[in-house]
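The chains referred to below are lettered A, B, ... by the order of the sequence lines, with proteins before strands, and numbering in each begins at 1. Quick note: numbers below take in every heavy atom, side chains included, and nothing from hydrogens, waters or symmetry partners.
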There are 2 protein chains.
Amino acid sequence: MASRSYGQYCGVTTAVEQIGERWALLIIRDLLVGPRRYTDLKQGLPKIPTNILSTRLKELQEAGVVRRVPVMHCGLVYELTAYGRELEPIVLALGRWGFQTMGDPDPEDVVTADSLTMALRTAFRPDAASDADYELHVGDVALRVQVEAAALTVTQLSPPAPPVGGRLPGGEPQLVFAATPGIRHVISGELAPQDAVDADVLQVVSGAPSLLDDFARSFHIDAPSHRQVRAS
Amino acid sequence: MASRSYGQYCGVTTAVEQIGERWALLIIRDLLVGPRRYTDLKQGLPKIPTNILSTRLKELQEAGVVRRVPVMHCGLVYELTAYGRELEPIVLALGRWGFQTMGDPDPEDVVTADSLTMALRTAFRPDAASDADYELHVGDVALRVQVEAAALTVTQLSPPAPPVGGRLPGGEPQLVFAATPGIRHVISGELAPQDAVDADVLQVVSGAPSLLDDFARSFHIDAPSHRQVRAS
DNA sequence: CCGGATCCGAATCGATACTG
DNA sequence: CAGTATCGATTCGGATCCGG
């Protein structure tokens, strides 16, 4: 295994040796949402081979990033250690960085509940957020998105996952809407919410469409000023 | 190449597809210090195979992270684009994160000028820094480390590299000292500078040893409070 | 169903050699 | 100086299988 060493004595190198292997950071991304079972992770990462998943989980435990916890009612879950949770700002920053060059989705690309949850966290602007209670649908994924006092709470409705805090969201959402991947143009500010509705990128199921403006203010990632040049 | 896709539509996934391949982040780390030639990168990453280096450089250009720039007097350099430079806070945060679990160096581990430069940047605390002018030696690497008005300037003396700003540091350093990798215990606060001198972790070549205390205050990464458990 | 382990072909990585 | 070319060693990906 020393053959995989980068041969340098440096903090960045150490970090990359611990979490730089293929799939590792995506496992961590999902675990940042909450503890997950092996099967949950496999479903959230549809293209990961099962042997890679178990290998990575072992390596991440070895590195002190992930912990294996037995759960009383049949089963066990993987969860981040305190050390692993320190990666949250880094993963969020990486998500913001990558967002800027996201193109259109491949036909085979999926949006999972955990990745969408983290995407909302990357885009959340506490200082610009107004209190609101949304229900967001993207493909098969349904999320309850609650903003209160500059704090974001995301609960997965479908597929259902236990809320992190332990409480289920009460009451009715003020706005229920569905989005296509084109919503990224709304998040980047290139497309106004009303125009997105007109272009069928967003669809209001119930509630006041004007709340979409609040949503767009609360969840925003600036488009890159340096016009990205990409060879196709 | 689509076989290497993670199959998800998500900012983190996009980022990892762009900079998550083996060696990529270490190339970026070195380029964050300044533009580098192919040969410079190869020397800074002694264990990278040359075909991997050229493959990564091509991929990073394709992703808009790196640019290839011809230089007037014979040769060409690679440099980060504006998009690539946005990774600086992420790489620094990763370096701080990884620093916490750095053990002792393998016998074959090396310390390079660029990795040490970035290590100093990760550890730099602008708010706690006092103005000073150091010369630091670690192995074959010699660095001029200047702190002025809460700003850090690192110049590579050996091996010599053109300073980023274009100016060579003037005057004499106030303190010249040599360090072994054990300096990480000083950076983490586990070892007082004086004790480090007594333990031969640090050696003052010239200047007032009391300046080492300023250095330790200016460059600091807290040890993990959550005592890391690592299986050996 | 959960939590993997095993097997095998395909792709990538690593080391060295070589070239304009 | 700035890379290609080659080739064996590893790892990855996809599928199947297995014990609870």
Notebook entry, point to check: In whole Å, what is the span from the CG atom of A:L45 to the C1' atom of D:dC12?
Noted result: 15 Å
Checklist line | NZ/NE/NH1/NH2 to OD/OE distance under 4.0 Å, A:R36 and A:D114 | finding: yes
Notebook entry, point to check: Counting side-chain heavy atoms from C-beta on, which of C:dG14, D:dC12, D:dG13 comes nearest to A:R56?
Noted result: D:dC12
Margin query: Please report the distance, rounded to the nearest Å, between NE2 in B:H73 and P in D:dC1.
Written below: 17 Å
Item checked: Between P of D:dG3 and CD of B:E59, the distance in whole Å -> 14 Å
Next item on the list: Return the nearest nucleotide to the side chain of A:R4; candidates are C:dA5, D:dA2, D:dT11.
Entry: D:dT11
Next item on the list: Rounded to the nearest angstrom, tell me the gap between atom CG in B:L53 and atom C1' in C:dT12.
Entry: 16 Å
Note to self: From C-beta outward on B:K58, which listed nucleotide comes closest to its side chain: D:dG14, D:dT4, C:dG4?
What the structure shows: D:dT4
Next item on the list: Check the angle between the aromatic planes of B:Y134 and B:F177 and answer parallel, tilted or perpendicular using the 30° and 60° thresholds.
Entry: perpendicular
Next item on the list: Please tell me which of the listed nucleotides, D:dG14, C:dG3, D:dG3, lies nearest to the side chain of A:P49?
Entry: D:dG14
Checklist line | A:T101 and B:Q18: side chain donor to acceptor below 3.5 Å | finding: yes
Notebook entry, point to check: Could you give the CG-to-C1' distance, from A:N51 to C:dA5, as a whole number of Å?
Noted result: 9 Å
Notebook entry, point to check: A:F219 vs A:F124 aromatic rings, parallel, tilted or perpendicular, using cut-offs 30° and 60°?
Noted result: tilted
Margin query: As a test of reading the structure: which of C:dG3, D:dG13, C:dC13 is closest to the side chain of A:R68, going by heavy atoms?
Written below: C:dG3
Checklist line | Minimum-distance nucleotide to A:R22 side chain [options: D:dG13, D:dT4, C:dG4] | finding: D:dG13
Item checked: Minimum-distance nucleotide to A:L76 side chain [options: D:dC12, C:dG14, C:dG4] -> C:dG4
Next item on the list: Select one nucleotide: of C:dG3, D:dG3, D:dG14, the one nearest the side-chain heavy atoms of B:Y78.
Entry: D:dG3
Note to self: Rounded to whole Å, please give me the gap between OH in A:Y38 and P in C:dC1.
What the structure shows: 16 Å
Next item on the list: Rounded to the nearest angstrom, tell me the gap between atom NZ in B:K47 and atom P in C:dG14.
Entry: 9 Å
Margin query: Which nucleotide wins on minimum distance to the side chain of A:I52, given the candidates D:dG3, C:dG14, D:dC12?
Written below: D:dC12
